[in-house]
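Working notes, structure below.
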Amino acid sequence: MLLQNVPREESSSCGVGFTVSRQAEASHEIVLDTLHALRCQEHRGACSVDRLSSDGAGLMLDIPFALFGFEAGSVAVATIFAPQDEARAKTAFEVFERTFAVFGLEVCGYREIPTRPAVLGAQARESLPRLSHAFIKRPPFIHSDEAFNALLYKARQMTRTKEREAGIYKEFFFASLSSTTIVYKGLTRGEDLPAFYPDLTDARFVSRFGLFHRRFSTNTKTSWDKAQPFRLIAHNGEINTIEGNRAWAYSREQALGLQVDELLTHAGTSDSGNMNEMVEALTYRSSIPYLGDVLSIMIPPADLPNALHQLWSRAMEPWDGPAFVAYCDDQSIGARLDRNGFRPCRWMMTDERFYLASEAGSFPIDQSLIRDRGTVMAGSGISVSLTTGEVDLHDSSRTIARRGVSVDPRLIPLSATEEEAEASAEPRQHIFGYSSEDVDMMLVPMAAQGKEPIGSMGNTARLAVLSDEPRSVYDFFYQHFAQVTNPPVDYIRERV
């Protein structure tokens with residue numbers, strides 16, 4: 001029934017997406033349609049043996065100022081997961097208020113988030129944190145949402161450090177902290193989220209957009225903080241380069257003079273969580289103006305024909321892997337697909353709304369109202385302005401605003417040398433484990449044409465530790481690696 005009138009070839013894929021008003025008008029209907037879409041993703045999420053405790057489901061929406069009794073723009077709202085223990089919670093909130101005060105941010109009130117724990121499974125209830133909204137008054141010296149959110153980011157990162165010094169480690173978590181957006185998430189099934197959070201069914205809860213996520217954890221133990229959306233993004237996929245990305249981030253942390261965990265959380269966080277933290281760091285610590293640009297730099301296209309990507313490739317390595325990332329801040333909402341396009345990302349548009357999801361048929365749309373539809377291509381993105389409703393189908397590095405703009409990547413090509421090589425390396429290449437095939441099929445194309453190395457992932461040889469043959473030292477060590485494709489490249493093997 002949920003997928004009626006949807007073409008058969010458009011009825012599969014994965015659990016993240018959004019809808020947004022093209023007139024920048026807030027309504028409760030958008031909240032309800034986003035909840036409908038979240039329910040449609042249930043087959044994409046995972047549950048524990050009780051069939052109720054899930055890997056996570058959640059929404060990102062506009063802050064419902066009318067519901068909270070505040071004038072729009074007067075406060076920021078923090079959604080906080082805090083310790084259940086009274087003494088530890090008291091300490092955590094004291095540290096929070098004291099640290100924010102250092103930045104001129106006054107916590108002017110709290111609200112215990114209305115919940116119905118009875119709808120949770122046993123495992124989710126056992127790990128349920130204390131759920132609170134904190135209201136932070138906008139300082140008189142702050143004149144824009146961008147500046148307010150940047151100050152909130154600095155205060156939040158410092159709060160993490162101070163909480164750890166007070167013995168509260170990873171128990172005080174900001175599910176959201178913004179002057180414009182708010183996140184409701186938990187370890188529930190998608191259909192149970194509005195039952196757990198009654199706020200979502202209140203008619204006073206209106207929003208210009210709704211971003212949803214239903215999680216299937218593949219590389220971490222599930223917990224409330226790992227449910228998505230995060231503060232800026234919702235990620236469907238795997239970051240296969242995560243160990244290298246984390247290592248570079250830790251080096252930058254030291255170079256910037258930051259304390260441990262102040263740029264990226266060092267342990268106990270998923271690859272998606274770390275990706276959100278790096279998106280935040282580039283958004284609030286750099287001069288990059290738009291969130292779409294940040295994602296473009298972190299998830300670049302396979303080809304790098306423009307100077308913008310060449311410039312930023314010196315400062316930010318790719319966060320690579322099959323990934324579909326939806327994002328939202330105070331200016332825009334959008335999505336980006338990885339360079340290989342292994343995550344489906346479809347959109348459609350009516351006169352009033354724009355819809356995007358990894359699962360076609362997620363939204364209850366009258367097909368006769370659809371004016372246009374398409375897919376986000378590999379290595380590209382799409383964005384919608386929250387203030388004007390304007391849809392930009394161009395990749396952020398190729399927008400009209402960038403047309404004719406000169407960017408100097410400050411790269412100097414090395415001149416070719418006329419000296420001949422002293423001798424062939426062939427007699428010594430076996431010492432380093434290179435065969436003639438490796439040289440001809442991988443090294444030469446990489447050096448001469450800049451191609452990506454492509455080869456089979458299969459390896460039927462014995463493990464080095466069990467082998468009777470002499471093996472290179474590095475054969476005894478292997479990188480942690482996850483390869484997930486969606487849709488499957490090999491249906492027969494991936495089905496099992």
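Only this structure's heavy atoms are used, side chains among them; waters, hydrogens and symmetry mates stay out.
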Using the ring centroid of each side chain, check whether F18 and F212 are separated by less than 6.0 Å.
no
For the residue pair R231 / S176, report whether a side-chain donor-acceptor contact shorter than 3.5 Å exists.
no
Taking the side chain as C-beta and beyond, is there a heavy-atom pair between M158 and V102 under 4.5 Å?
no
Is there a ring-ring contact (aromatic ring centres under 6.0 Å, His included) between Y110 and H133? Walk through the geometry before answering.
CA-CA 6 Å; Y110 290 98; H133 284 145; over 10 Å; no
If we only count heavy atoms from C-beta on, is the I288 to T283 side-chain gap below 4.5 Å?
no
Can you tell me if E352 has over 12 outside heavy atoms packed within less than 6.0 Å of its CD?
no
Nearest 0.5 Å, what's the OG1-CG distance between T222 and L187?
6.5 Å
Shortest non-hydrogen contact between E262 and T161, atoms and distance
OE1-OG1, 3.4 Å
Greater than 12 external heavy atoms within 6.0 Å of W248's CH2:
no
E277 and T265: side-chain donor and acceptor closer than 3.5 Å?
yes
Taking C-beta and beyond as the side chain, do E71 and F65 meet within less than 4.5 Å on heavy atoms?
no
So H266 and E253, do their side chains get closer than 4.5 Å, heavy atoms only?
yes
Determine yes or no for a side-chain-to-main-chain donor-acceptor pair under 3.5 angstrom, with K137 supplying the side chain and C108 the backbone.
no
If we check ring-ring contact (aromatic ring centres under 6.0 Å, His included) with F174, which of these qualifies: Y153, F230, F96?
F96
Test log, rule side-chain contact (heavy atoms from CB on, under 4.5 Å), inputs L177 and I80:
CA-CA 9 Å; L177 176 61; I80 296 172; over 6 Å; no
Tell me whether D62 contacts the main-chain N or O of R208 through its side chain, where contact means a donor paired with an acceptor under 3.5 Å.
yes
Considering only NZ, NE, NH1 and NH2 on the basic side and carboxylate oxygens on the acidic side, decide whether D293 and R336 come within less than 4.0 Å.
no
Knowing that exactly one of I365, L356, L369 qualifies, which makes a side-chain contact (heavy atoms from CB on, under 4.5 Å) with M348?
I365
Is it true that E452 and R339 make a salt bridge, defined as a side-chain N closer than 4.0 Å to a carboxylate O?
yes
Shortest non-hydrogen contact from N274 toward I242
CB-CD1, 4.3 Å
Main chain of G244, side chain of T241: is a donor-acceptor contact present, judged purely on distance under 3.5 Å?
no
Going by the ring-ring contact (aromatic ring centres under 6.0 Å, His included) test, name the single residue among Y197, F196, F81 that passes it with Y184.
Y197
Which value, rounded to the nearest 0.5 Å, describes the distance between S383 atom OG and Y327 atom OH?
4.5 Å
Does any non-hydrogen side-chain atom of I136 lie less than 4.5 Å from one of E106?
no
Taking every non-hydrogen atom, the tightest pair across S272 and I233
O-CD1, 4.1 Å
Can you tell me how far CG of L291 sits from CG of L282, rounded to the nearest 0.5 angstrom?
10.0 Å
Can you check whether G292's main-chain N or O pairs, donor with acceptor, with S296's side chain at less than 3.5 Å?
no
Tell me whether S74 contacts the main-chain N or O of F70 through its side chain, where contact means a donor paired with an acceptor under 3.5 Å.
no
Shortest non-hydrogen contact between T269 and R246, atoms and distance:
O-NH2, 3.0 Å
Quick one: CD1 on I382 to CG on D392, what's the gap to the nearest 0.5 Å?
8.5 Å
Measure the shortest side-chain to side-chain distance between H43 and E359 over non-hydrogen atoms and say whether it is less than 4.5 angstrom.
yes
Side-chain heavy-atom pair P301, H309 within 4.5 angstrom cut-off
yes
Salt bridge check: are R156 and E280 linked by an N-O gap of less than 4.0 Å?
yes
Shortest non-hydrogen pair, D338 vs G321, comes out as CB-O, 3.2 Å
Pairwise distance CE(M446) to NZ(K451) - rounded to 0.5 angstrom
12.5 Å
Passes side-chain contact (heavy atoms from CB on, under 4.5 Å), C345 versus R343? Steps please.
CA-CA 6 Å; C345 182; R343 285 288 184 271; over 6 Å; no
Hey, is E42 close enough to R189 for a salt bridge, meaning N to O under 4.0 Å?
no
I'd like to know if the side chain of H28 pairs up with that of S207 as donor and acceptor (distance under 3.5 Å, no hydrogens or angles considered).
no
For the side chain of S251 and the backbone of A247, is there at least one donor-acceptor N/O pair under 3.5 Å apart?
yes
Among L232, N276, I299, which residue satisfies the side-chain contact (heavy atoms from CB on, under 4.5 Å) criterion with V325?
I299
Could you tell me which non-hydrogen atom of T201 sits nearest to which non-hydrogen atom of P194, and how far apart they are?
CG2-CB, 3.9 Å
Measure from the side-chain N and O atoms of Q41 to the backbone N and O of A37, and report whether any donor-acceptor pair falls under 3.5 Å.
yes
List the steps and the verdict of salt bridge (Lys or Arg N to Asp or Glu O under 4.0 Å) for D199 and R111.
CA-CA 12 Å; D199 282 355; R111 174 180 186 256; 2.8 Å; yes
Between R252 and E317, is there a salt bridge with N-O shorter than 4.0 Å?
yes
Short question: side chain of H36, backbone of S362 - any donor-acceptor pair under 3.5 Å?
yes
Please report the interatomic distance CG(D330) to OG1(T180), rounded to the nearest 0.5 Å.
5.0 Å
Do the side chain of D271 and the main chain of I239 share a donor and acceptor less than 3.5 angstrom apart?
yes
Salt bridge or not for D33 and R353, using N-O below 4.0 Å?
yes
Donor-acceptor contact present, side-chain N149 to main-chain D145, <3.5 Å
yes
Assert yes or no for the condition that the ring centre distance of W347 to F354 is strictly below 6.0 Å.
yes
Can you find a heavy atom in the side chain of P64 that is under 4.5 Å from one in the side chain of I182?
yes
